[in-house]
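Okay, here's the structure, questions in a sec.
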Amino acid sequence: MMVKSGVLSQNRSFLYGIAAVFVLLVHFGGYLPSETGGGGITILSKLLRYGQLGVPIFGFLSGISCYYSLSRGTPRSVFWKNRIKRTFIPYLIISGSCNFVLDILIKRDSMAFLMDVSTLSFWLYHHGPWYLAMLIPVYLCMPWYGKTIDNTKNRGRATLIAGSIWLLLGAVLYYTSPELYDHLHLLHQTVFIIMIGYYCGKKVRTDMSVPLSDVVAIFIVYVAQVVFRKAGFGNDYTENIFFSLLSVPFCFAASYAVDFLPKFVLAFLKKLGTVSLECYLFNTYFGFLLREYLFVRFPQTTFAGGSVAYIFCAVLEILLALSTIKITEMMHRKLKHNEMIL
């Protein structure tokens, strides 16, 4: 049986919306008592863990998006410019405003403000949105990476070689410097899935049929890895890689499940997908401010208190994300107008 890979493009906003919901879910544990949420070994905490799949989904779709842009022969300068408009302008708006409150008004530390907004605080102190810090070098290198992959006779073999080298580097880091790997493991596995996404981009763009068995095989391998892990085999490194690969079959399964969803749920997820980046940023920054300084952590004393606090934060963050995209669109139009004048 074959499946059409073009469904990933047709349901792109929907998939981004699911990824945003997953990120909201995984951060939910921070609002709950430690014995109930992220720290305790409970059914809830185990379920919340799978919210971490949101980031690999973001990475997989980003890799596909990069192929779409570069396969058109887009010059490097235009590729970077488009990424700045879509990714880093919203980041600067949200990060700048939230860090201004946190670093300037509360901490009165201008140097911390510069470190946080520039993402240097992540690289030096593991503080701040690692995903945005990762995208800077990834987007800088992507035109050369894409050209190398696409100019080879066999894109699959070239991706396999590049991916194997990247995994080998990660394995070396895992065994030689566990603390540094712990700092960078999310970045490492996300870059790997971006590579997979870039390879799949050509199949998606041409709506190429792929064997269903190939998609299912990834899920089976992940389940087998979980079983072996429980039996004492494997390690965190292999678990992280296989977990990120789970985003591929999930995206296919979710795309084919669209027709079975209520229309209002589908409409909500598609709308959320258009502001998924903004939602992630507000959930990272604004949620932290609310939890640490406005709520003063008191809602975490009970499950109900933590749940109500987080639902309030999540709704507010989504509304702010929708507002921010309007501001970003206005800035895009202004920049385009200025370019036409010049």
Side-chain angles (χ1 to χ4, degrees), residues 19-20 22-24 26-31 38-39 51-52 54-56 58-59 62 80 83-142 169-170 173-174 177-194 236 240 244 275-297 310 313-314 316-317 320-321 324 327-328:
F22 277 7
V23 170
L24 291 174
V26 79
H27 289 168
F28 179 40
Y31 284 73
Q52 296 175 9
V55 171
F58 275 127
S62 294
W80 291 328
R83 297 294 152 173
I84 289 173
K85 287 181 179 179
R86 179 60 192 99
T87 304
F88 296 107
I89 288 180
Y91 167 73
L92 290 175
I93 293 173
I94 299 171
S95 170
S97 58
C98 291
N99 278 314
F100 179 81
V101 174
L102 178 62
D103 295 328
I104 302 298
L105 298 184
I106 296 178
K107 297 181 179 179
R108 299 185 182 280
D109 189 341
S110 58
M111 183 56 68
F113 174 78
L114 294 175
M115 294 286 286
D116 288 341
V117 173
S118 67
T119 73
L120 285 175
S121 56
F122 165 76
W123 298 107
L124 297 177
Y125 311 116
H126 195 54
H127 172 71
W130 66 269
Y131 190 80
L132 269 295
M134 173 203 69
L135 286 181
I136 295 175
V138 166
Y139 284 161
L140 283 174
C141 297
M142 186 55 74
L169 290 174
L173 189 64
Y174 175 79
S177 183
E179 290 186 2
L180 184 58
Y181 173 80
D182 185 60
H183 171 62
L184 298 175
H185 78 276
L186 289 173
L187 182 152
H188 175 264
Q189 68 190 61
T190 305
V191 170
F192 174 67
I193 206 65
I194 288 175
D236 291 341
N240 291 336
S244 64
V275 293
S276 56
L277 174 66
E278 290 80 3
C279 189
Y280 160 76
L281 290 170
F282 272 118
N283 190 248
T284 301
Y285 283 110
F286 196 70
F288 175 80
L289 286 173
L290 288 175
R291 186 175 73 246
E292 298 294 328
Y293 293 96
L294 298 184
F295 286 126
V296 200
R297 302 185 71 86
Y310 191 70
C313 289
L316 185 57
E317 287 155 7
L320 287 170
T324 303
I327 298 174
T328 304

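Computation of the quantities below employed the complete heavy-atom set of this structure, encompassing side-chain atoms and omitting hydrogens, waters and symmetry-equivalent molecules.
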*How far does CE of M142 sit from CD1 of I194, to the nearest 0.5 angstrom?*
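CD1 of I194 is found 6.0 Å from CE of M142.
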_Would you compute the distance between atom CG of L187 and atom CZ of F192 and round it to the nearest 0.5 angstrom?_
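Between atom CG of L187 and atom CZ of F192 there are 14.0 Å.
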*asked:* Rounded at 0.5 Å granularity, tell me how far CE in M111 sits from CG in L120.
replied: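 Taking CE in M111 and CG in L120, the distance rounds to 10.5 Å.
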*State, yes or no, whether a side-chain contact exists between H188 and L184 at a heavy-atom distance under 4.5 Å.*
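With C-beta onward as the side chain, the pair stays apart.
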_Trace of the side-chain contact (heavy atoms from CB on, under 4.5 Å) decision for L132 with L281_ = CA-CA 9 Å; L132 269 295; L281 290 170; 3.7 Å; yes
_Pairwise distance CG(N99) to CD1(I104) - rounded to 0.5 angstrom_ =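 So the CG of N99 and the CD1 of I104 are separated by 9.0 Å.
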*Could you grab the distance from atom CD1 of I94 to atom CD1 of I89, nearest 0.5 Å is fine?*
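Answer rounded to 0.5 Å: 12.0 Å.
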*Quick one: list whatever passes side chain to side chain donor-acceptor pair (under 3.5 Å) with D109, sequence neighbours left out.*
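By the side chain to side chain donor-acceptor pair (under 3.5 Å) rule, D109 matches no residue at all.
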_ring-ring contact (aromatic ring centres under 6.0 Å, His included) contacts in which one or both residues fall within residues 105-125, not counting sequence neighbours_ =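 Qualifying pairs, neighbours excluded: F122-H126, F122-H183.
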*side-chain contact (heavy atoms from CB on, under 4.5 Å) with S97: which residues, sequence neighbours excluded?*
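S97 satisfies side-chain contact (heavy atoms from CB on, under 4.5 Å) with no residue once adjacent residues are dropped.
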*asked:* Just so I know, are the side chains of T190 and F58 near enough to count as touching, which here means a heavy-atom distance under 4.5 Å?
replied: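 The answer is no; the side chains never approach within 4.5 Å.
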*Minimum-distance pair of heavy atoms, taken over all atoms of A20 and S276*: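 The pair with the smallest heavy-atom distance is CB-CB, 4.0 Å.
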_Pairs satisfying side chain to side chain donor-acceptor pair (under 3.5 Å), at least one member in residues 110-121, at least two apart_ =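 Output for this query lists D116-S121.
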_ring-ring contact (aromatic ring centres under 6.0 Å, His included) involving Y181 - partner list, sequence neighbours excluded_ =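 If we apply the ring-ring contact (aromatic ring centres under 6.0 Å, His included) test to Y181, skipping adjacent residues, the hits are Y174, H185, Y237.
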*Are any of the side-chain heavy atoms of L114 and D103 separated by less than 4.5 Å?*
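L114 does not reach D103 side chain to side chain.
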*What heavy-atom pair brings Y280 and W130 nearest, and what distance separates the two atoms?*
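In terms of heavy atoms, the two residues are closest at OH-N, 4.1 Å.
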*Mind checking side chain to side chain donor-acceptor pair (under 3.5 Å) for T87 and listing every partner two or more places apart, or none if nothing turns up?*
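If we apply the side chain to side chain donor-acceptor pair (under 3.5 Å) test to T87, skipping adjacent residues, there are no hits.
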*Mind checking what makes side-chain contact (heavy atoms from CB on, under 4.5 Å) contact with L169, not counting sequence neighbours?*
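For L169, the residues satisfying side-chain contact (heavy atoms from CB on, under 4.5 Å) (neighbours in sequence not counted) are I165, W166.
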_I need the I93 CD1 to F282 CZ distance, nearest 0.5 Å._
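The CZ atom of F282 is 8.5 Å from CD1 of I93, to the nearest 0.5 Å.
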*Taking only residues two or more places apart in sequence or in another chain, which ones pass ring-ring contact (aromatic ring centres under 6.0 Å, His included) with Y139?*
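Counting only residues at least two positions away or on another chain, Y139 forms no ring-ring contact (aromatic ring centres under 6.0 Å, His included).
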*Not counting sequence neighbours, which residues clear side-chain contact (heavy atoms from CB on, under 4.5 Å) with L124? List them please.*
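Partners of L124 by the side-chain contact (heavy atoms from CB on, under 4.5 Å) criterion, ordered by chain and then number, come out as M115.
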*Under a 4.5 Å cut-off applied to non-hydrogen side-chain atoms, are R86 and L277 in contact?*
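The answer is yes; the side chains approach within 4.5 Å.
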_Nearest atoms (heavy-atom pairs only) where V117 meets Y91_ =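 In this case the closest contact between V117 and Y91 is O-OH, 2.9 Å.
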